[in-house]
Each structure stands twice: as structure tokens, then as C-alpha cells.
Protein chains: 2
Amino acid sequence: MRPLSILPVLLFSAGSALAQQTPIVHDGEYEFLRAQFGKVWDTQDAEIDARLAEIRSANDGQPPNFLYILIDDVSFGQMGDRKMNYVMGIETPQINQLATEGLSLMRMYTEPSCTPTRTAMLTGRHPVRAGVEEVKVALVGEGLPASEVTLAEILKEVGYNTAHIGKWHQGDIEQSYPHNQGFDWAAFPLHQQVQLSLMTTEAMRANNMLGYTPEGQNNQFLLDERFKPFGLVAGVEGSTGGPASEIDMSAGEVWTQAKYEDMNLRYQQQALEQLERVAAEDAPFFLQYWPLYPLNFVYPDQALSRNGGFHADKLQLLDGWIGDLLVKLDQTGEADNTIVILMADNGLMYHYEGTSGLNQLIYRGGKTQHLEGGVRTDAFIRWPNVIEPNSAAGDIFHVSDIFTTMARIAGATDHIPRDRVIDGIDQTALLLNGEGNGRRDYVYVYEGPVLRSVVKQEFKMHLPAPGQPGAAAPTYNIYRDPREEHPLVGYSLWAGASFQDMVKRHQKMIAKYPHSEIGKGLPYDGIDNLRPETELTREVFMSWQ
Amino acid sequence: MRPLSILPVLLFSAGSALAQQTPIVHDGEYEFLRAQFGKVWDTQDAEIDARLAEIRSANDGQPPNFLYILIDDVSFGQMGDRKMNYVMGIETPQINQLATEGLSLMRMYTEPSCTPTRTAMLTGRHPVRAGVEEVKVALVGEGLPASEVTLAEILKEVGYNTAHIGKWHQGDIEQSYPHNQGFDWAAFPLHQQVQLSLMTTEAMRANNMLGYTPEGQNNQFLLDERFKPFGLVAGVEGSTGGPASEIDMSAGEVWTQAKYEDMNLRYQQQALEQLERVAAEDAPFFLQYWPLYPLNFVYPDQALSRNGGFHADKLQLLDGWIGDLLVKLDQTGEADNTIVILMADNGLMYHYEGTSGLNQLIYRGGKTQHLEGGVRTDAFIRWPNVIEPNSAAGDIFHVSDIFTTMARIAGATDHIPRDRVIDGIDQTALLLNGEGNGRRDYVYVYEGPVLRSVVKQEFKMHLPAPGQPGAAAPTYNIYRDPREEHPLVGYSLWAGASFQDMVKRHQKMIAKYPHSEIGKGLPYDGIDNLRPETELTREVFMSWQ
């Protein structure tokens, strides 16, 4: 939802120099850095403004387009790198190629799970500030609140066309839907892949789910036939100002693996169509493609990869699709003026590794965890003639920085709200000037509402449990000990006090700008064609609210 | 030592077609593959012979030079790849560049330790066949037997100039010295880096050895002042037919970190000098450079790397040196006709990871172990205008294959002895025709004399302990489970019998061609300037023999 603007209209397309008159509210740690580097950054910012103006004037006065591809649950190293391709027997030639055409962000930190990472990118804030944790698969009547200001909303303020295709996972209430959060048009599933891929009849009979479906075992004590998701809405489409409509299912129909495959294919097709549509317009575009693949839980009939696993095969398939999308971008003639970002939202859910092929690689841990394996992801940014091809940066980046950086590049910084903490840092300097020009050397790592780790430079402290002394908090050197297995007394006791200061600064800002509440509402409101079984499910949900 | 030739002289420079009249004795598993692919390989071999003849005739009738750089104890992924460089904070730009100029062997298997890997490369045989295990740091009176035929020896047969610089670690007896094993000239330390780097006064006072040196603690019960290596020979130089001379130490001198650094610098300098010397000759050359670095156990005064560890810094230093050597190769004008192989001998000794920075990365385990972390190493081969730049191959390669492949390329296959098992496979097809043309899909993995694992395709069985049933042997899928942590009942019971067959074939060949004995002799014979303290150490050693 669009924020109430507090700035005069004539500032809307002005550069960031004016915006600095009303500074963005950043976290204490950033202000600590700003106190050390503010002057250097101000000088650099003046140069950056000039460069951005140059780029715009070479493009009929318009800022660049923005194509953002966010891939679900992929371990750091699984895409974009030949060595790791060979390790796992999964080939990602198209993504590798994209990596060689742009900048590889070698220390991209996300949140450890789907919903929070996506919220952080959309709002520029740690999701805990918006009351958002993980959104579950079944009905919750919750989601991204209307009061949050998304990147789509602020880009719309400066004239962008916007569209979202694929996974959304920001809640099942009307205010949370993408077409109510700044996207002109959106096609998305209401929930996520647990329902869509794991709860198909086929998946329930497959090895990984054996015994779950009643026909698969003789369980005379089974009562609840709706323990598996029942009657949930699958995929919908909608435009700003209109309702959403479910398009996958008719009344009484059973969700199958074939329908999941069709849904994935359709999103790919719609990504191509939407790209063609927005590229044909005069205005710049922000197109967001968040595929459901590689998540999938049924083995294919014929393996695409040497690995042969369900994850591996869908990642290879998706790699080809991304290649197709980039070819389409070339065909539109807009490639040179489009920033493409491709990244994963968090690590793999490795907890069932071995059998599943969902494996830890370099880093320990995975999705749901504050360990590097949970929150370090591959990330590549291509911006022809601006970002140096085949470059890489070891600077720390957090997914919320995409919000602030893209706002800057689009000339929309003034539309970032000033009444709340924005965690995202403007990293335009890193994009334009390359490695060593990053503006953060820290990350706070949450698991849901709990601050679990603090990263500073090459050190990472796992915070002690409540009531435990700071000296009980192990500290790791991520370069020397990437798997976070060997805390050192030297690090912990030397840096411990400094880490505690960082936590205090962070908490102080939370006290000053308290967290908002998650959005609440009636699940599925704003969908105009609910099936009878969906109505039934909703009634049951309401009965115990 | 040169073998008694059993072939007429006129065959010496003939192609392999003639050599096939007396086939090399390969292991049973290879014959099993040959039964399936022999015809295809014969056809391909005829093409390869034609191509090799072409290459020679374009070079005044001479086969290519061969520069072999073997780096000590480096984890798979630590060099040659940007992503992993960033993970560990260690930059290897020169080796990365070499990787982009040639073929990356993505499944190079070595033996799990220094001595055996080097024996395998030199002889084309699993070292157990020659009675060679790990050669210890102190006196042993043992080493690579004269009866083994090294790659240097067979390349000399077809006219190569040969030189060896750096680590050797094939024993402390005269017959084992490199200048008695086919190298015209050699500069090498008699032992390895435990003595040379870890047992310096400085290292003993450093954090990692704190308390070892008597001055570092108050140990009133200390009796044996010679528990640390005492009076051992450090570095020697020698030429074929002559004695070796110790050059580092004078009588009564104490070995220091500064002397270790000087030794490393000297080997680098000598590698440059020898390259210049042999390149100026008419004959082709085989130059072997086996640096002692990155092994080192004292922190530098000033860190070179973001990692800052002793291993990391020396790896970066060495990377620069390798760049210098490759520049020198360019300057000689011989680069286009020189095959450069760079690889590591085995994984890191990760057993002290964390504090040391010697860490596991992708694969589990390290040096001394049959796990992938012990025996998978980075390996790059550059051969301008023959090997496709920036190519990679997922085919399995074993370090012993270098012996057989280089023999083939040099036209020296006929000089490979026919009276013993040669484990090395001719992989020329892979080098010339690229990925998918490898001729092995298996490796036997030894720890010393014990067969510990069998690798076949993507599967790896950890063999059961003696007396345990085969069903107790876990089998892993290396693509899906690179860390070998999740054996699957399906793999183990399905492939178990086939793995047992592989072991039987291997044992049958051992019964037919029994292992030789390790070479034995008086330590340090053939060195003409032993110090008095060295004589003393030798006398003590002899007193209990």
C-alpha cells in the first residue's frame, strides 16, 4: 500500500542530495560507520548522482529497468560456479553465464527462510520489525501489513510499471497480496510448495512421503482426513484495484503433481509474457520472477542431471528457463538498460540430506538456521556497461540492501518512509565502483523473532541463550572456519564486548522505533471465486478464532 | 633406476600401436572396461597417434615439454576457483588464470598422503605395490626401491632432459634420491616439512607448539633433548652418477624459520633457473617443481591474505611464485609446446582445524584419510592449442594416470615395464578430446597398506573392517552426499556385490603380481658432506637396527 507522502511533489524525481535533508532512519550500527566514513561517502555520493544522471540521460531520461529473480532454497555454491556444479552433478550453465556477465556478491546474507527474506527485500527491513516471521502453509489470516512500504510501491511513485510472477508467501489476507502491495499485476500461489509439491497424491506415495497417504498404509486409527492441507486456494491472479481469481482448480478437483508442473510452466510462460509487455511500454519496469522450482518432491521419470535428484533436476530445468528469460530480455532490446539480479532466498533444507540430495555444501546448516548455510546465498547482478563483467565483491550485503539500492538507482529514495527503521543500506557505490566500496561490514541474523547471531567483518558471534553470560557465546572466524565449528577463546573474549555493544545499539533502536504488528484479516478475502471446499476450510478456521 | 629393456631399440620412438603388441599389465577393473570399450578405444587411439605425430612434426619432430607442479596439502577448492577463494579469504589469481587457460580435472583422485601420491605419480602404480607407505620424518633407512621405474626414467629413454626441485619425500636411502631415479639434476630436502617448518625454534615457541621447547615451560622431567628431530640432513643437491651434498647447514648450526624461508626461496629461484636451462637445450624437458609451501607453521609478521593464517599466506605467496614461473616459461618461448600440470598431492591436515585455518571445505576429512577430503584435489592441465581453454572434465582421473598419459604423449609407452601391474590409465583421449573421453570410472583408495574404499562412478563404498560382512559396508552417492555422511540401504545392498567383485579382481591381480618390498639401505648413504651431528644421529639409528 502506498504511504502518505511527507515530501512535496517537486522533490519526487530529485536526486538523493535533496533527500539527505531528511535522512533515512538507519540502525545504530550503520550510524556508527557513517560517523567514520560519512565525509568520504558524501563525496562519493555526489559522483554517483552524476553518474546516475548520465545513465538516465543516455536512456531518454529514464532510470534502468529492474528484473529480480529470486530462487527458492538453494545452497551457496549450487549455482553460478563450475566447480560446485561438478561437485553436485548439477549443471547451471545459464546462471554461470549470468555470473560472468556481472558482479558476483560473495557475501550476500539473507534471512534464513522464505517469507522473511522476501519481506526484507520488499520492505528494506528485517521482517521482525513488521511482525513477520514464517508464514505457514495452512490458513493463518495474517500477512505483510498494508502499512509496510514495498519497493514496488516506491518504484511506482517514480513511474515504474510493476509485475510479480510466482511464489509470494507473504500471507493469505487481502492487504498482503502483491497487487495490493505495489504490483500492477501479479500471478502467484496463495501459499507455498509444501501444499503444492509435497502434498500431491504422487508425492505422498513417493519414497520421501511413504506411508502418509491412507492408501499407502493400513492405519486403522486415522481420523483426520484433513490433516494434510484441504481445500486451500492454489494459484491466483489479480490486478491493482481488482479482486484475485483462483485459476488452477475447479470445485472438487484434487491437486496433483501434473498440476504443480503446469503451474510452474505457466509462471515461466507468464514471466516471458510480462517481460514482453512491460518492455514494450514507455515507462521503466520492475519485473519480479520468483519461481517455485527447484522445490519439488517427486522424482522425474527421466533424470536431467548427473545427480538425478528431484531438487537437482528442477534446478537444471529452471536454469534453462532463466536462460530463455534472458534471451527474451535481449529480444526486447531492453537488456542494456536492465539491471538483472538473480539470487536464492536462503539455504537448502538439509535436515533430510543424503536420501533427498538436499545437502550441506561448504557452509554448515541450512534453511531455518542462523548458520552460514542458512543465510549465505549466491547472488549475481548484471548491469551492462555499468557493472564490470566477471567481477566479484567480498563486501557484506544484506538482502534488504536491494530495497535501498534500487530505490536510489531509480531516483525513488525520497519515497522511502522516514518514520521507521530501514535496515537496507544504499550499496550503489559497490555496484558502480566495485569491490571494497560496500557500506556495511555487519549483519544481524534473526531466526523468526529471535536475534541469533551477529556478523561483523570476518567474525560471527552466536548469541548466548537468554540468561546466559556473554562469555558463553562462541565466536567464529568465517574465513578460517567456514563451518562455524571451532570457536576461539581469543576471538570470543576480545570481540565479545564489541558484539554486545552492537546488540545494545540494535535494541536501542527497537525501543525507539518499536516493531509493528503483522497484518491480520479474514483469509482469502479479495478472491472472487472460492471453491465450496475452500469456503468450508475457511469456516472451520474461523470457528476457533 | 632404468629398467632392462625387453623391446628392440627400433621400437623406442614408435607409436603406441606397436606397443600394444605387448600390452601393459593393467588391473582387472580396467580390463573389465576394455572388454566393453576396446574397439572404440582402438579406433580413437589411431586418431590420437596421428594427432600426436602432427604435434611432434609441428615441433621439429619433438614431443612436448612437461612442467609438473605438485603442491603440498591443499583442500579441494582452495585454489583455482574464485568462489572458494572468497570463502576462505585466500586469493590464488595466478592459479585461477592457469585454470582458465586449460582443462580442470574435477575428479582427480590422489593417494591420501604426500609420499604415496608422489610414488603413484612417479611409478604409475599404487605405492602399496612397491612397498611404499608414508615415509616418516626421522631416519628410516627405507625408500622408493631402485626396481621401480619412474616417469623420469622412461622419459629419459626417449631423450628428455629432466630435473627435480623441491619436496621429494621418497626416502633417506641412496637408491631413492631423485638423481638416482631418473632426474639429471635435483635439489631437494631429505625429509619433509615436519622437521623443516614445525621443528624450528620459532615454531616451537609459536602458539601452535606452545610448551614444546624446554624454554617455553618448566618441565623438570624432560630427559630426551633429541625427541625433536636432531642432526637430520636438511636440503641436498645432486646430479645423476654423482653424490648428493648438503647445502643448507654447517656443523653445529640450528635450523630456524629463516633457514626454512631461505630454502623455499631458493627452490623457487632454482625452478626458474632450471626452467631456463632446460628450455635452452635442443631436447624436450621434464621439469618437476614440488614446493614445500604452503606448509608452514609460523605466523608471518604481516598478513598477505584476508585470512591471515600461516597456511593461507604461504598459499598466496606460492600463487605469485607460480605466476612468475609461468611468465618465465613464456619468456623461454617454450610455453606453446609445454604441458603444464598443477595439482595438490592430497587434502589438508584438517585435524587441528579452527585455530590453524587448515579447514575442511566441501568434502569431509583430509590428509591421511580415504574420505573425499583426503584424496580429491584440484588439478589443472594447460596445453596450448591442444587442450581447449577454460574446459573442465568430470571424468575420474587418478594421479597414477599422469605416468601413463605423459609416457604416451612423449612416445615412451614402450618403456613402461610389462612385468608388473601399472595402475595408471592412458588418459590422452581425455586431454585431446575433452570431457567424456576418460577411460576409468573407478579408483581404489588406500590408506597406507589398507584398501579402505572403492569408488565406482558416483558411488563410493567404505570397505568393512576385516571379518565384518559386506552388508556392514556403507555406500555413498558422492554427488548427492559429498560429505559421505548418509549411506543408503538401497545403494549398499544393490551395489555391494559389485563392489565386492571389484575388490576380488584387484586382489586376484595382487596374487598374480605380488607387491615388492620397499627399498632398504643405510640412511644418508651417497651424501658426501654429512655433519658430525648427522653422523651421530645415524650411529644411534644403526645401533638398534
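None of the values given here were measured: they were computed from a predicted structure. Values below: every heavy atom of this structure, side chains too, minus hydrogens, waters and symmetry copies.
- For A/Arg306, the parts lying near chain B are the backbone and the side chain together; criterion is any non-hydrogen pair under 4.5 Å.
- Contacts of residues 82-93 of chain B with chain A at a heavy-atom distance below 4.5 Å involve B/Arg82, B/Lys83, B/Met84, B/Tyr86, B/Val87, B/Met88, B/Gly89, listed in sequence order.
- The interface of residues 474-493 of chain A with chain B, defined by heavy-atom distances below 4.5 Å, comprises A/Ile478, A/Tyr479, A/Arg480, A/Asp481, A/Pro482, A/Arg483, A/Glu485, A/His486, A/Leu488.
- For A/Pro112, the side-chain contact (heavy atoms from CB on, under 4.5 Å) partners two or more places apart in sequence, or in a different chain, are A/Val375, A/Glu447.
- Taking B/Gly357, B/Ala392, B/Ser356, B/Gly308 one by one and counting their heavy-atom pairs under 4.5 Å with chain A, the maximum is reached by B/Ala392.
- When A/Gly309, A/Gly80, A/Ala312 are compared by the number of non-hydrogen pairs under 4.5 Å with chain B, A/Gly309 comes out ahead.
- Interface residue A/Ala393: only backbone heavy atoms are found under 4.5 Å from chain B.
- Partners of A/Arg364 according to the side-chain hydrogen bond (donor to acceptor under 3.5 Å, both in side chains) rule, which considers only residues two or more places apart in sequence or in another chain, do not exist here.
- Only the side chain of B/Glu435 comes within contact range of chain A, with at least one heavy atom under 4.5 Å from a heavy atom of that chain.
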